[in-house]
Amino acid sequence: METVKEKKTETKYSKKIRITGAEAVVHCLLAEGVDLLYGYPGGAIMPVYDELYKFQDKLTHILARHEQGATHAAQGYARVSGKVGVAMATSGPGATNLVTGLADAQIDSTPIVCITGQVPRHLLGSDAFQETDIIGISTPVTKWNHQITKASEIPEVMAKAFYIAKSGRPGPVLIDITKNAQFDELDFTYEKCTGVRSYDPVPKPNMDAIKAASELINNAKKPFIVFGQGVILGEAEEELKALVEKAGIPAAWTIMGESALPTSHPLNVGMVGMHGNYGPNILTNECDVLLAIGMRFDDRVTGSLDTYAKQAKVIHFEIDPAEIDKNVKVDVAVLGNSKETMGFLLPLVEESRHEDWHNEFKAKYKIEFDTVIKNDIHPTKEGLTMGEVIEEINLASQHKAVIVTDVGQHQMVACRYAKFEQSKSNITSGGLGTMGFALPAAIGAKMGAMDREVVAIIGDGGYQMTIQELGVIFQHKIPVKIVVLNNDHLGMVRQWQELFFDKRYASTVMTNPDFVKIAEGYHIEAKRVSERKDLKKTIQEMVASDKPYFLEVKVEKEDNVFPMIPSGASVSDVRLK
């Protein structure tokens, strides 16, 4: 079996050399500091793979078991490391299999560069074998894409791809390279891209808007912060913490913003959204100033826009002008990188405590704890709950683990109950809600942070969508910890069917295989827990292991995730049961 070793990359290519387009692609990757990429070879990309074979001492290629797995692994790597993730595939079905990962990265602002092979230029448009218009297909789900038909175009286009993927609001870029461009020669030099005409990735802060924001904050009686992933992408965690503490403002997070502020922080009041905490949701409609920082007012956060925070003055800190007034009309728009704009804001904000306002959050938390939380994490019933599994992982990992979640009930439970002290610790599919995301994303996350514990929390449904990626873990000895919370149902869909479709469980019951035997087939240590007396010890054993580990936990089949805001309802209509 292969192990992954650290590679040393080259960074300067100022001297002109005569090489093929395929070799140029590899040199471009090295020049951008890439030492790791995920992919799946095929005929149209084979020349590049031949060059990768020659550069194994500098570039590690991880063979995914499906191209979608390659994109999610690149996403996980990017989200934890802060670098650009890279995935590669051939033409036709290889390229189309990337689309789900591209769409996921687009809506969650994840910087990845995907490289696809394409049929030779003279065959374009002829319906040649494995020809697909991946540029047309991927245009709606990429930040930028481009087809290269000449070898001479490769350096400039590749440099532009990495710049666009990482700059401003990050996102996915796809580069499609015809086979003739890979074989042809060019005089190669490389210069990193530092700007693109008509593309302004970071708006210049407006000091008048920042001053107006500070005045609203200073005069507020009930200010409230909702922060998203923009804080993490902007590396503005310290500025957020300083603002919260100086102005005494309670702060809640979207699932993409989780871990930007430690969950133990006394002013961190929890999660907003459909399955968020009771207090932050209810009190959104009672605050007088709402500061939205690096978030986009997604419908899962706002519920009905007709009733969302209508009483509040809204301040929106945002890097992407397209998000301003898109869903929620704002009173003050502060454009720019959140680290820079909050840095300008901090000296203008007065010190305050807002103790009475904080007590309202505490009172709401007590209601939620007594009604929901204590039964989730300290249950008295016989069957195991998802919440208590997450709590045991918190304790065993001392709140230091990176938690990678799939999509469904387990995702909401993990986001609600996982404890984080370090940023870039919660990796999940937010906007697209991609089942099958977690297993390959956990592989990428672990390879992006080998010094951190990475635990994938997955439902039995989503797990089977990318279960073949266990082969990557086995081949490369990647010490990822996998926890499948198995309730033998598509749990979130089943919950909706129970609550809104008179318990008509249409196509949500799962007849599952023996997950432990499957893991053992990949030579991964595996256990199954179905009784509470075995849970703590087994999770401690899993976390202590320095090898890949699979744990299946049989949980209650008909547990529901609460609180819950019904689709289209107001955040004030959050249900506790």
May I ask you to check whether Thr110 and Asp108 show a side-chain donor-acceptor distance below 3.5 Å? no
Lys/Arg-Asp/Glu bridge criterion (N-O < 4.0 Å) met for Lys326, Glu323: yes
Can you tell me how far the CG atom of Leu551 sits from the CG atom of Leu485, to the nearest 0.5 Å? 8.5 Å
I need the single residue from Thr100, Thr90, Thr96, Asn97 that forms a side chain to side chain donor-acceptor pair (under 3.5 Å) with Glu67. Which is it? Asn97
Is Tyr199 atom OH crowded by more than 12 heavy atoms from other residues, nucleotides or ligands, each under 6.0 Å away? yes
May I ask you to check whether over 12 heavy atoms, not counting those of Lys150, lie within 6.0 Å of atom NZ? no
Of all heavy-atom pairs between Pro201 and Tyr163, which one has the smallest distance, and what is that distance? CG-OH, 3.6 Å
Before accepting this row, confirm whether a basic side-chain N of the pair Lys241/Glu238 lies closer than 4.0 Å to the acidic partner's carboxylate O. no
Would you mind reporting whether Asp546 and Pro479 have side-chain heavy atoms less than 4.5 Å apart? no
For residues Leu186 and Pro155, determine if any side-chain heavy atom of one lies less than 4.5 Å from a side-chain heavy atom of the other. yes
d(Ile324 CD1, His316 NE2) to nearest 0.5 Å is 5.0 Å
Assess, by modelled atom type and distance only, whether the side chains of Ser259 and Asn426 contain a donor and an acceptor separated by less than 3.5 Å. no
Crowding at CD, Glu525 (>12 non-hydrogen neighbours, <6.0 Å): yes
Can the ring centroids of Phe188 and His27 be said to lie less than 6.0 angstrom from one another? yes
For atom CD of Glu191, is the number of surrounding heavy atoms from other residues, nucleotides or ligands below 6.0 Å larger than 12? no
Report the residue from Glu469, Gln468, Gln475 that forms a side chain to side chain donor-acceptor pair (under 3.5 Å) with Arg65. Gln475
In Å and rounded to the nearest 0.5 Å, what is the CE to OH distance from Met158 to Tyr190? 6.5 Å
Give, for atom CD of Glu23 and atom CD1 of Ile154, the distance between the pair rounded to the nearest 0.5 Å. 11.0 Å
Of all the heavy-atom pairs spanning Ala128 and Val119, show the shortest one and how long it is. CB-CG1, 4.2 Å
Given side chain to side chain contact (heavy atoms under 4.5 Å, CB included), test Leu490 with Met510 step by step and report yes or no. CA-CA 7 Å; Leu490 298 176; Met510 302 283 288; 3.7 Å; yes
Could you check whether His72 and Tyr38 have their ring centres less than 6.0 Å apart? no
Identify the heavy atoms of Ala401 and Val455 that sit nearest to each other, and give their distance. CB-CG2, 4.3 Å
Can you confirm whether more than 12 heavy atoms, excluding those of Glu235, are under 6.0 Å from its CD atom? no
Between the side chains of Thr254 and Arg296, does any donor sit under 3.5 Å from an acceptor? no
Pair Thr178, Arg121: side-chain N/O donor-acceptor within cut-off below 3.5 Å: no
Ile457 pairs by side chain to side chain contact (heavy atoms under 4.5 Å, CB included) with which of Ile393, Val484, Ile482, Thr428? Ile393
Looking at Arg18 and Glu185, does any basic side-chain N land under 4.0 Å from a carboxylate oxygen? yes
After noting the C-alpha distance and the side-chain angles of Lys446 and Ile473, does the key distance pass the side chain to side chain contact (heavy atoms under 4.5 Å, CB included) rule? CA-CA 10 Å; Lys446 183 62 179 179; Ile473 294 171; over 6 Å; no
Rounding to 0.5 Å, atoms NZ (Lys179) and CG (Asp184) come to a distance of 12.5 Å
Check the angle between the aromatic planes of Phe550 and Phe515 and answer parallel, tilted or perpendicular using the 30° and 60° thresholds. tilted
Candidate pair Ile134 and Val99, rule side chain to side chain contact (heavy atoms under 4.5 Å, CB included), full reasoning: CA-CA 9 Å; Ile134 192 59; Val99 172; 4.2 Å; yes
For residues Gln182 and Ile45, determine if any side-chain heavy atom of one lies less than 4.5 Å from a side-chain heavy atom of the other. yes
Give the minimum heavy-atom separation between Ile293 and Ser338, together with the two atoms involved. CG2-CB, 4.4 Å
For Leu346 and Leu243, run side chain to side chain contact (heavy atoms under 4.5 Å, CB included): C-alpha distance rounded to whole Å, both residues' side-chain angles, the deciding distance at 0.1 Å, then the answer. CA-CA 6 Å; Leu346 274 166; Leu243 174 62; 4.0 Å; yes
Hey, what do you get for NZ (Lys83) to NZ (Lys166), rounding to the nearest 0.5 Å? 11.0 Å
Side chains of Ile232 and Phe227 in contact at under 4.5 Å (non-hydrogen atoms): no
Compare all side-chain heavy atoms of His66 with those of Pro440 and state whether any distance is below 4.5 angstrom. no
When every non-hydrogen atom of Leu102 is compared with those of Ser138, the smallest separation belongs to CD1-CB, 4.1 Å
Minimum side-chain heavy-atom gap Pro93-Gln130 below 4.5 Å: yes
Which atom names give the shortest non-hydrogen contact between Ala442 and Val454, and what distance separates them? O-CG1, 3.8 Å
Measure the shortest side-chain to side-chain distance between Pro548 and Phe474 over non-hydrogen atoms and say whether it is less than 4.5 angstrom. no
Is the shortest side-chain heavy-atom distance between Arg452 and Lys400 below 4.5 Å? no
